[in-house]
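Read the structure below first, then the notes.
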Amino acid sequence: MSVGSSREMRTFGKPFIDGLYPGSSRRRVYPYPERMFHDHDIFPLFIVDGGAFLFANRAFGGGTGRDLLRALDAGSLFAPWEVDGKLRWNRSFEDAARSPCAYETQKQEWLNSLFFLLPIAQEYFRTGDERRARSWYSHFRRWQRAQPYVPGQDGKPWWASDRCWMDMQITWRLLVFVHSVFLLRRSASLGPRHWHSIYESIRFHAQLLVGEARAQLARKTPEGNHFLQKGNALIYAGLLFPEFPDSTGFVTTGRATIRKHLREEINADGGSVEASPSYSHFIARLYLEVFLLLKHNRMPGIPGLETSIRRQYGFLARTASPAGATLALSDSYELNVTDDLRIVEQLLPLRRTRATSLSVFPQSCFAVMRGRNMTAYLDGMPVGTWHHHDGKPNLLLYVGAQPLLVDSGCFEYDHQELRRWAKSARAHNVVIVDGGVQLAGRGERRVSPVVTLERCERARGRQRVVMRHRSESPGLSYWWSRTVEMSETTLELVDRIKASRPVSAEQLFYLAALHVTRPRHGREVVVPVGGKVVHVQQQRRHAGGAFVVEFFPVMGPGNQVTESPRLSSRAEGRDLVFHVKFSLQEIPRSSR
């Protein structure tokens, strides 16, 4: 019997539901089989968004359920929000109102999304320890008393709201409650009074989401992953709780939300307009859960949904790093792609896509070149969306499984200064023209770059990709063409800029945290990586001066901040060429 078969999917039991909500109670099926909760940690069995993961990673030393449970048992889980030993649910919001410090919104949102309840529920499920079930309910009631519903939160600017009763916080709590019902349903400690409180909270949260989702459905613009998650949560609530008199409306609105997001924000090649790999895993899983809920509860499907899910996971498998992790592009954290695909394949058998030497995603403007010794990624995914970073087309390069050219990555959302820098074009492996401002901030767009995939070729042991960046702004128009050609032991990069007037251009390369040797002439650096040596050399056509080596923060392995040696060279003119060659050489035996 396969794990994904309908017979092994577990009935979604709801204790005392018949007595609490009179009427027909139809059998409902949960999308995950029970044994997954024995085999996997709750996070990332459920994938969280980047802001939630990065906050937990810093505050608790990791983003897994095990990390949260360890902090809870040690008495330190709530320390970031305690004052004189007392928990303040709105500490971040209140502290920002009293001082000129920045509003730590992720700190505020993480606590009030109640993520920590899921590891408690899973621990009860695994052990049957009734103390865990009682602990879950105690924290749930503690939050209810501290944070009664306050209407009108969505109408306030973000800095004037405690962010408790708006958007993702409502959605996450609803999902936490629904999943906890499945995990806690055998508890002998929870009686009709407890379950009625939980069910009514689920229903109320769904009612609020219906209002938000319908307002967004009336708009003609893409709405992002928050909108998608609302549709996912509404289908969970409506399908699994048909006893609610408004359950049909939850499902209807949820389905419309999924259809709108699928139509407007998922590319035909499986990429997402969010342009951020770990967010793509989050998005794909939301779609998969909807598909399974509809299928196993024998409800009509959504046209094109299954095909898109398969394409999304094909995109994710083929764009993973050589070590099987998400690439640190845009607001992406390091997530284990191999583990995620193993989980998904137990729910929906996937056709494994063999990693070919050249993989191209034209709608997403992304290309992967794989060789025996090196792997290169060229990212021209769009700017202007919610979790993109500027700086396109961006190049990442690996030697074997080891990174050589890295992205700045994504810093914790509450670290605004680092985060603004990492999102800028200057923080990536690109060419900067006249300061490199691609997007100056909300409502201040100075340059609207368009990146296109011009050419992809594979012949005689060489792969070649060409992308072009076009930019128009008052007083300056230019195009920048980036050609990447890779063989078994070399990668050549040619950046050509043509501008409407003389400009100052700068070519940037961020290296992994490696030792860099620079010969005296300054137009070459030598980098040991992956048991080999890479020579980074400026070629004769190179218009810039000698490499300048400086150090900048990047998000390194294990989602930890480290420093990157950055190479830069500068040139001025209207027609410029930067030509750099990366040559891979074995380390001589006498030097090992």
- [ ] Please confirm whether the backbone N or O of Phe53 pairs with a side-chain atom of Trp110, one donor and one acceptor, at under 3.5 Å?
- [x]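 Not confirmed, Trp110 side chain does not pair with Phe53 backbone.
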Open item on the list: Using only atom types and a distance under 3.5 Å, with no angle test, would you say the side chain of Gln346 pairs donor to acceptor with the backbone of Arg342?
Closed with: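 Looks like yes, one N/O pair under 3.5 Å.
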Is the [X] ring parallel, tilted or perpendicular to the [Y] ring (thresholds 30°, 60°)?
X	Y	answer
Phe244	Tyr21	perpendicular
Phe366	Tyr377	tilted
Trp165	Trp143	tilted

Task: Heavy atoms of other groups near Arg145 CZ, more than 12 under 6.0 Å - done: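 Buried by this count: over 12 neighbours within 6.0 Å.
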Open item on the list: Can you confirm whether the side chains of Glu243 and Ser247 place a donor and an acceptor under 3.5 Å from each other?
Closed with: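 The criterion, which ignores hydrogens and geometry beyond distance, is not satisfied for Ser247 and Glu243.
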- [ ] Taking only Lys NZ, Arg NE, NH1 and NH2, and the carboxylate oxygens of Asp or Glu, determine whether Asp129 and Arg131 approach each other closer than 4.0 Å.
- [x]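 Looking at Asp129 and Arg131, the cut-off is met.
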- [ ] With rounding to the nearest 0.5 Å, note down the distance linking OH in Tyr287 to CD1 in Ile302.
- [x]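 Going from OH on Tyr287 over to CD1 on Ile302, the span is 8.5 Å.
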Task: Nearest-0.5 Å distance, OG1 of residue Thr257 to CD of residue Gln216 - done: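 Output value for this atom pair is 7.5 Å.
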- [ ] Would you indicate whether the side-chain heavy atoms of Glu412 and Arg419 approach each other to under 4.5 Å?
- [x]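 No - every pair of side-chain heavy atoms lies 4.5 Å or more apart.
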- [ ] Taking the side chain as every heavy atom from C-beta outward, state whether Thr105 and Ser92 have any pair of such atoms under 4.5 Å apart.
- [x]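 Side-chain contact under 4.5 Å: no.
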Open item on the list: Given Asn112, which partner from the list Gln147, Gln169, Lys107 fulfils the side-chain hydrogen bond (donor to acceptor under 3.5 Å, both in side chains) test?
Closed with: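 That would be Gln147.
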Open item on the list: Please tell me whether Phe78 and Phe116 form a close aromatic pair, meaning their ring centres lie under 6.0 Å apart.
Closed with: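 Yes - the distance between ring centres of Phe78 and Phe116 falls below the 6.0 Å cut-off.
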Open item on the list: Is the distance from the ring center of Tyr510 to that of His428 below 6.0 Å?
Closed with: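 No, the ring of Tyr510 stays outside the 6.0 Å limit from the ring of His428, centre to centre.
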